[in-house]
Each structure stands twice: as structure tokens, then as C-alpha cells.
Amino acid sequence: MQVTQQRYYTPEEYLALEEAADYKSEYIDGEIIPMAGGTIDHNRISGNLYAALNFAFRQQNYEAFAGDLRLWIPQKRIYTYPDVMILADEPEFFNNRKDIIVNPQVIIEVLSKSTKGYDRENKFEAYRTIPTFKEYLLIDQTRIRVEKFFKTGKKQWSLREYDEEDQAIALNTIPFEISLQDLYNKVKFELVESAVDECS
């Protein structure tokens with residue numbers, strides 16, 4: 001039986017391929033991993049949040065970016081595209097490239113079935129190596145549930161969970177608040193039917 005050799009790419013090779021590609025891929029320490037397309041509810045949640053952030057920051061020195069801006073994590077050799085990033089200062093660009101930043105303060109991911117474990121564990125671990133990173137939101141798209149992690153000290157993080165529609169999420173490190181009702185506006189949750197045994 002023939003074993004297929006895994007191809008590893010340099011960061012430079014990845015960037016060259018990414019510029020010519022019709023779809024986005026992540027780069028994880030030599031491996032290129034195509035990103036799946038987002039669902040309509042994923043886009044609704046990201047759009048609702050991004051619109052609220054842009055409106056809130058119009059007179060402040062914060063800036064939000066959604067989806068298409070690439071993040072470089074040097075300690076883990078990862079290029080990735082977070083759903084939403086918030087910067088508290090001017091963007092710091094990697095190698096003077098205007099499509100790659102290195103200094104987000106807040107990162108927000110809308111969870112999908114295929115990536116939620118990675119977003120919660122390995123990706124969060126990688127994000128924590130970024131010196132400016134202080135807050136992380138994980139938003140479930142299948143039900144009303146948000147997990148907020150915020151830095152409280154060196155290698156110390158706290159967790160707050162939100163799962164009721166009348167709650168509002170306030171960021172700890174940046175002056176911003178959004179209600180769960182606004183965050184999930186127009187999202188249509190799938191009904192999960194439980195199987196019921198019928199006795200005849």
C-alpha cells in the first residue's frame with residue numbers, strides 16, 4: 001500500500017497560493033487547510049455584530065474588521081481569518097502587507113459544527129500567544145449562547161456565559177455592549193425534534 005507524502009508549505013508559498021486562489025484557506029505550521037463557506041445564519045450574526053461595532057466606534061479610537069482580513073500568529077506559525085477582530089490602536093501590518101495584521105485586542109468567532117472544537121481549544125491557545133489579545137467571544141449559531149473569555153492577569157482568563165435573549169453582552173476591555181436579541185436578529189434556529197417512541 002502506497003503512503004501519500006504530506007506536502008508542507010512555507011508561509012511565503014501559502015501567501016502566493018492564497019493570492020491566486022478562488023477561496024480562502026488557513027495556514028497552520030506548514031499545512032494549508034481550505035475554509036468551508038459560512039451559513040446564512042453565520043453571516044447574519046457576523047453582520048449584526050460588525051454593524052453594531054462600526055456604529056459604536058464611529059467617534060472612538062477602536063476599529064472592527066470582519067472576515068477578509070488575515071491574522072498572522074508568529075509563535076504558532078498560523079495564518080487565519082477570524083470572523084471579527086477589534087483593534088484598540090492603529091493596525092500593525094506584517095511585513096508592510098496591508099492584508100495581514102498582528103495586533104488584535106478582541107477576537108470573535110461564530111462557531112460552526114466542524115470548527116467549534118478547534119475554535120474553543122487549539123485556536124484559543126494560539127490566540128493567547130498574541131501580546132495584544134485580551135478578549136475572546138465564541139458565538140453559537142444554532143442556539144442563543146455566547147461564551148466570553150477575558151484576560152484577568154498573566155496566563156489568567158475568566159469565562160462568562162450568556163444564554164438568555166433578554167441579556168446583553170458587554171465587553172470587558174473595550175466600551176461596547178450589544179443585546180443578544182440584536183446579535184441574533186433574523187437568525188432562524190433549526191428545530192431539533194426529539195425522537196418519541198410510539199406504542200401501538
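This one's a predicted model, so the numbers in the text were calculated from it and none came from an experiment.
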Practice task
Apply side chain to side chain contact (heavy atoms under 4.5 Å, CB included) to Asp140 and Val110, showing your working.
Solution key: CA-CA 6 Å; Asp140 198 321; Val110 180; over 6 Å; no

Handout entry: Audit row: Phe94, Ile101, side chain to side chain contact (heavy atoms under 4.5 Å, CB included) steps and yes/no
Key = CA-CA 6 Å; Phe94 179 66; Ile101 65 162; over 6 Å; no

Exercise for the section: Take Ile73 and Tyr127, measure what side chain to side chain contact (heavy atoms under 4.5 Å, CB included) needs, and give me the verdict at the end. Expected result: CA-CA 7 Å; Ile73 309 172; Tyr127 287 157; 3.7 Å; yes

Practice task
Take Leu49 and Ile108, measure what side chain to side chain contact (heavy atoms under 4.5 Å, CB included) needs, and give me the verdict at the end.
Solution key: CA-CA 9 Å; Leu49 180 60; Ile108 297 140; 3.6 Å; yes

Practice task
Take Arg145 and Glu161, measure what salt bridge (charged side-chain N to carboxylate O under 4.0 Å, His left out) needs, and give me the verdict at the end.
Solution key: CA-CA 7 Å; Arg145 186 165 190 269; Glu161 297 177 89; 2.4 Å; yes

Handout entry: Residues Lys123, Glu26; criterion salt bridge (charged side-chain N to carboxylate O under 4.0 Å, His left out); working and verdict
Key = CA-CA 12 Å; Lys123 207 171 198 181; Glu26 289 188 314; 3.1 Å; yes

Problem - Check against salt bridge (charged side-chain N to carboxylate O under 4.0 Å, His left out), Glu147 and Arg160 - result: CA-CA 6 Å; Glu147 297 165 277; Arg160 170 116 190 241; over 6 Å; no

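Panel note: side chain Ser46, backbone Asn43; no donor-acceptor pair is recorded below 3.5 Å. Distance alone, capped at 3.5 Å, is enough to place a donor-acceptor pair between the Asn103 side chain and the Glu90 backbone. Under a 3.5 Å cut-off, the side chain of Thr80 and the backbone N or O of Leu71 do not form any donor-acceptor pair. Under the 3.5 Å distance criterion, the side-chain polar atoms of Glu109 are left unmatched by any main-chain donor or acceptor of Leu138. Between the side chain of Asp29 and the backbone N or O of Arg77, no donor-acceptor pair lies under 3.5 Å. No side-chain donor-acceptor contact under 3.5 Å links Asp182 to the backbone of Ile178. At least one donor-acceptor pair closer than 3.5 Å links the side chain of Arg58 to the backbone N or O of Phe55. Side-chain N or O atoms of Lys148 include one that pairs as donor or acceptor with a backbone N or O of Ala170 at under 3.5 Å. Side-chain atoms of Asp119 do not come within 3.5 Å of backbone N or O of Leu111 as any donor-acceptor pair. Under the 3.5 Å distance criterion, the side-chain polar atoms of Glu31 are left unmatched by any main-chain donor or acceptor of Tyr27.
When all heavy atoms are compared, the tightest approach of Ala126 to Ile78 is CB-CD1, 3.8 Å. When every heavy atom of Pro175 is checked against every heavy atom of Phe57, the shortest pair comes out as O-CE2, 4.3 Å.
The residues Arg120 and Glu125 are annotated as not salt-bridged, no charged nitrogen and carboxylate oxygen being separated by less than 4.0 angstrom. Look at Asp163 and Arg143 and you find no salt bridge, because none of the NZ, NE, NH1 or NH2 atoms lies under 4.0 Å from a carboxylate O.
The shortest side-chain heavy-atom distance between Leu15 and Tyr79 falls under the 4.5 Å cut-off. Taking 4.5 Å as the limit, every side-chain heavy atom of Met85 sits out of range of all side-chain heavy atoms of Gln105. Within the 4.5 Å cutoff, side-chain heavy atoms of Asp83 are placed close to those of His42. Taking 4.5 Å as the limit, every side-chain heavy atom of Ile107 sits out of range of all side-chain heavy atoms of Val84. Taking the side chain as every heavy atom from C-beta outward, Met35 and Tyr81 approach each other to under 4.5 Å. Using a 4.5 Å cut-off on side-chain heavy atoms (C-beta onward), Trp157 and Arg128 make contact.
With no hydrogens or angles considered, no side-chain donor-acceptor pair links Asp41 and Thr39 at under 3.5 Å.
In this structure, Tyr184 has its ring center closer than 6.0 angstrom to the ring center of Phe189.
Between Phe124 and Phe133, the ring planes are perpendicular. Angles over 60° get that label, and only those under 30° would be called parallel.
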